[in-house]
Amino acid sequence: MSDRPSVVTRFAPSPTGYLHIGGARTALFNWLYARHTGGKFLIRVEDTDRERSTPAAVDAIFEGLDWLGLKSDAEPLFQFQQADRHRAAVQQLLDKGRAYRCWMSVEELDIERTKARAEGRAIRSVWRDKDAPANDKPFVVRFKGPLEGETVVEDLVKGPVRFQNKELDDLVLLRSDGAPTYNLAVVVDDHDMGVTHVIRGDDHLNNAARQTLIYQALDFAVPAFAHIPLIHGPDGAKLSKRHGAQAVGEFADMGYLPEAMRNYLARLGWGHGDDEIFSDAQAISWFDVADVGSAPARLDWAKLNHINSHYIRLADDHRLALLTSEAHERLGTALPADGLARLEAAIPLVKEGAATIPELANLTLFALKARPLAPDEKTQGLLTDETRERMQRLTENLAEAGSWAPADLEARLKDFAAQEGVGLGKFGPALRGILSGGSTAPDLASTLAAVGRDEALGRLQDALFKATKTL
RNA sequence: GGUCCCUUCGUCUAUCGGUUAGGACACUAGAUUUUCAAUCUAGGAAGAGGGGUUCGACUCCCCUAGGGACUACCA
C-alpha cells in the first residue's frame, strides 16, 4: 500500500516578477483542492529561464503567498536544480526515438515559421527524419510528436478538449546550451513530485496537449488537468497596471485583509450556491475544481471592498490598531506617543464604516490630533455668538460630569439640550467640529468618551475660551 | 492566418430540459440623522444573434458575431 496521498496539487510560479493576483487565485484553488481532498499542496519555482528569473521575484512570490496564508506542505522545489534529471529524461526520449536533434538555425526557423503560418500548419524541422551529420555545431533537441491521431485533454474545468496531433509542433526539449525548457521540465517534475492534479491558468491549455504526448512517450501517468480562466480588469481587458493593482502586495498595501482576499478570490470564478461570505473551513469543505467557472471573471473593486469591510468588522481591534497605525505612518499622520492606545479605543467605534485600512485611518484621525487643534472653516462658521456662548455653557456642564461613560455623557447631552430648549442639531455639529478638528467622528457621546475627559475638555477650552477666560 | 477556449442583470454568480430565471455587489428611491459612514425598507436590471433536437430549451447540437489564449531555444 502506498502512503502517498491520493491528491497532490502544486502552484508553479515563474519568478520573473511579483505574485500576480491571478496567480494568487491559482495558488488558492490548488490549496483549497488539496485541503478539500486531504491531499498535499506543493510549490515549485519554475526558474528554468535563467535570463528572466530573479531572487527578488522569488522573495516577492513567497512573501505574497505567505501573506495570503497559503503554505506549502513541503519544501518548495526549484526547477533549475533538477536540470540533470531533465536531461536524463531527454536522453531517454532520444534513445526511444521519441526525440531528435535539430540543427536548424534561427534564420532557417524564421523562414519555416512564416511558411508554416502562411500554409496554416504547424512548423516542422527538416531534421525530424534526417540522420545526424558528423559535426559539432550547436543543436536543440525536439520532441518527435505523432503526425496522426488526436490527443484529448480531459480537463476538469473545460471538459474534454481534442487536438489533432498534426497541429502540434515538435517543441524544443533541450536548448542549444543544454538547458531544459519549460514544457519538458513541467512534465518530469510534476511526475517526480507525484502531482495528480495540475490546476493552472487557462493560458496553458494548448500546452497540455503537447505535454500529454510527452507524458505518454515517457510512460508517465497523465495527471488530471484543470485550466482555470484568467482574471480580467473591470473593463474586461487583461489585468494591467491601469486597473489599479496586479500584485498581491499592492492589495495588502491598499488595506485589504488576507482572509477577505481569500474569500473574494475564491468567489471569483467559483461559487457554492448563494453563499457569498464564507470561512476558510467552509471553502475547504465545499470547494471542487470541477465547479470552477469556465469564463474569465472581472475584478470588481466594489465587491472586494464590501467583503473586506465584513472582515474588518470581524477583526480583532488590536490587530486593526496595528494595521491602522502602519497606514497612518504611510499617510504621514503624526502619531502621538500613546497613538496605539488611542487607536484601539477609537477603532471599535468606527470599524463598521470602513471598507479598507486606509479608511480606518481616516476615520480615526479625530482621536490622534494633538492640542491645540486647528479649527476648520466649517466649525468656525458654526460658532456664532449664540452658539459660542451655548458651547461655553456646555463645556462648564461637561466639566462637572461625574461619569465619563458614553451612556452618561449621552444622557448629559440630552439634558443639556432640554435645558437650553433646543435640539441637538443646534450645537451638535459645533461640538463635533471642535472635538474632531473637522475630521469625521463617531456619535458625540462616543467621541467624547474615546477622546477622554481631559483631552475633550482641553479641546473645548482651546476653541472657546482661548481669548476670554480660562476654566 | 491556424489551433483551442469563452459568452445569464453593469459586475460576480445560481440554474445541471419544465423556475414569475434566484442571490450578492453596485445603482435608484425612501426611512434614520449630530459629520462621514453604517443600518433598514422598496425598486429597476440578464440568458450575444440565428438555426436545429425536443411536448418543452438558459440548459443539448450546429453556424455567425464578439472576446481571449497559444502558435518562442518564455513560463
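What's counted below: heavy atoms across the whole structure, side chains too, no hydrogens, waters or symmetry copies. First the proteins, then the strands, lettered A, B, ... as listed; each starts at 1.
Residue contacts for Thr440(A): at a heavy-atom cut-off of 4.0 Å it reaches a base atom on one of the strands shown. Backbone-only engagement by Phe163(A) is indicated by non-hydrogen atom pairs under 4.0 Å involving sugar-phosphate atoms exclusively. Ala441(A) comes within 4.0 angstrom of a base, heavy atoms only. The residue His204(A) sits close to a base: some heavy atom pair falls under 4.0 Å. Nucleic acid contact for Asp49(A): sugar-phosphate only, since backbone atoms but no base atoms lie under 4.0 Å from a heavy atom of the residue. Contact annotation for Leu205(A): backbone-only contact, meaning every heavy-atom pair under 4.0 Å involves sugar-phosphate atoms and none involves a base. Here Arg44(A) lies out of heavy-atom contact (under 4.0 Å) with every strand. Residue Val140(A) is classed as a base contact, given a heavy-atom separation below 4.0 Å to a base. Pro234(A) comes within 4.0 angstrom of nothing in the nucleic acid, heavy atoms only. Using a 4.0 Å heavy-atom cutoff across all strands shown, Arg298(A) reaches sugar-phosphate atoms only and no base atom. Within the nucleic acid shown, Leu444(A) comes within 4.0 Å of at least one base atom, counting heavy atoms only. Within the nucleic acid shown, Gly293(A) has no heavy atom closer than 4.0 Å to any nucleic acid atom. At the heavy-atom level, Asn207(A) lies under 4.0 Å from base atoms of the strands shown.
Judged by distance alone, with hydrogens and angles left aside, Asp275(A) brings no side-chain donor or acceptor close enough to the base of A24(B) to form a pair under 3.5 Å. Side-chain atoms of Glu276(A) come within donor-acceptor range of the base of G23(B), with a qualifying N/O pair under 3.5 Å. Put simply, the side chain of Arg117(A) and the base of G2(B) share no donor and acceptor less than 3.5 Å apart. On a pure distance criterion of 3.5 Å, no polar donor-acceptor pair joins the side chain of Ser294(A) and the base of C6(B).
For Asp274(A), whose side chain is taken as the heavy atoms from C-beta onward, the closest listed nucleotide among U39(B), G22(B), C12(B) is G22(B). Of the candidate nucleotides C5(B), G2(B), U7(B), G2(B) has the atom nearest to the side chain of Glu167(A). Checked against C73(B), C5(B), A75(B), the side chain of Asp202(A) finds its nearest nucleotide in C5(B). Of all nucleotides listed (C70(B), U11(B), C12(B)), C12(B) comes nearest to the side chain of Lys303(A). Picking from U3(B), C73(B), A75(B) the nucleotide with the shortest atom distance to the side chain of Asn206(A) gives U3(B). Set against A24(B), C74(B), C5(B), the side chain of Lys158(A) has C5(B) as its closest nucleotide.
Mapped onto RNA chain B by nearest heavy atom, Ile123(A) and Leu168(A) fall at different nucleotides, with Leu168(A) at the one closer to the 5' end. Nearest-nucleotide mapping onto RNA chain B: of Ala302(A) and Gln164(A), the residue sitting toward the 5' end is Gln164(A).
When rounded to the nearest whole Å, the span between CG of Leu265(A) and P of A24(B) equals 22 Å. Rounded to a whole Å, the NE2 atom of His306(A) is 17 Å from the P atom of U13(B). Here A38(B) presents its C1' atom at 10 Å from CG of Leu363(A), a figure rounded to the nearest Å.
For the P atoms, the distance linking C9(B) with G23(B) amounts to 16 Å, nearest Å. A21(B) and A57(B) have their P atoms separated by 14 Å, with the value rounded to a whole Å. For A14(B) and U8(B), the P atoms lie 10 Å apart once the distance is rounded to whole Å. One P atom belongs to A38(B), the other to U28(B), and the distance between them is 12 Å to the nearest Å. Comparing the P positions of C4(B) and U11(B) gives an interatomic distance of 28 Å, to the nearest angstrom. Here the separation of C60(B) from U41(B), taken at their P atoms, is 37 Å to the nearest Å. Across G44(B) and A29(B), the matching P atoms stand 15 Å from one another, rounded to whole Å.
Across all strands shown, C40(B) pairs with G30(B); the Watson-Crick or G-U wobble distances both stay below 3.5 Å. In this entry U53(B) has no Watson-Crick or G-U wobble partner, no candidate having both defining distances under 3.5 Å. Across all strands shown, U15(B) forms no Watson-Crick or G-U wobble pair with both distances under 3.5 Å. Shown here, C4(B) forms a base pair with G68(B); the pair counts as Watson-Crick or G-U wobble because both key distances fall under 3.5 Å. Under the Watson-Crick or G-U wobble criterion, with both distances below 3.5 Å, C58(B) is left unpaired in every strand shown.
Arg142(A) has a side-chain polar atom (N or O) that falls below the 4.0 Å cut-off from OP1 or OP2 of C73(B). Phosphate proximity of A75(B) to Thr48(A): present, with a side-chain N or O under 4.0 Å from OP1 or OP2. One finds no side-chain N or O of Arg210(A) lying less than 4.0 angstrom from the OP1 or OP2 phosphate oxygen of A75(B). Between Arg113(A) and U71(B) there is no side-chain N or O to OP1 or OP2 distance below 4.0 Å. A sub-4.0 Å separation between OP1 or OP2 of A75(B) and a side-chain N or O of Arg175(A) is present.
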Review point. Where do Arg459(A) and Asp462(A) land on the salt bridge (Lys or Arg N to Asp or Glu O under 4.0 Å) test, with the steps shown first?
Key: CA-CA 5 Å; Arg459(A) 287 182 184 186; Asp462(A) 291 341; over 6 Å; no
Exercise for review: Test side chain to side chain contact (heavy atoms under 4.5 Å, CB included) on Leu331(A) and Asn362(A) and set out the steps.
Suggested key: CA-CA 10 Å; Leu331(A) 293 167; Asn362(A) 185 47; over 6 Å; no
Practice item. Under the salt bridge (Lys or Arg N to Asp or Glu O under 4.0 Å) rule, what do Arg390(A) and Glu420(A) come out as? Steps first, then yes or no, please. Key: CA-CA 8 Å; Arg390(A) 179 170 292 129; Glu420(A) 294 276 319; 2.8 Å; yes
Exercise for review: Begin from the C-alpha positions of Thr26(A) and Phe11(A) and carry the test side chain to side chain contact (heavy atoms under 4.5 Å, CB included) through to its verdict.
Suggested key: CA-CA 7 Å; Thr26(A) 303; Phe11(A) 175 58; 4.2 Å; yes
Exercise for review: Starting from the C-alpha separation in whole Å, work towards a yes-or-no answer on salt bridge (Lys or Arg N to Asp or Glu O under 4.0 Å) for Asp190(A) and Arg44(A).
Suggested key: CA-CA 9 Å; Asp190(A) 280 338; Arg44(A) 182 177 68 233; 2.7 Å; yes
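Between Tyr33(A) and His197(A), the ring center distance clears the sub-6.0 Å criterion. Taking the ring centroids of Phe287(A) and Phe29(A), they lie under the 6.0 Å cut-off.
Under the rule for a side chain to side chain donor-acceptor pair (under 3.5 Å), Arg175(A) has no partner lying at least two apart in sequence or in another chain.
With respect to the salt-bridge test (charged N to carboxylate O, under 4.0 angstrom), the residues Lys115(A) and Glu108(A) do not qualify.
Checked by atom type and distance alone, the side chain of His36(A) pairs as donor or acceptor with a backbone atom of Ile284(A) at under 3.5 Å. Side chain of Thr16(A) to main chain of Arg52(A): no donor-acceptor pair is present (N/O by atom type, distance under 3.5 Å, no hydrogens or angles).
Because its NZ or CZ atom is both nearer than 6.0 Å to the ring centre of Phe80(A) and within 45° of the ring axis, Arg50(A) counts as a cation-pi partner of that residue.
The stretch residues 344-361 of chain A comes close to RNA chain B through Glu352(A), Gly353(A), each having a heavy atom under 4.0 Å from the strand.
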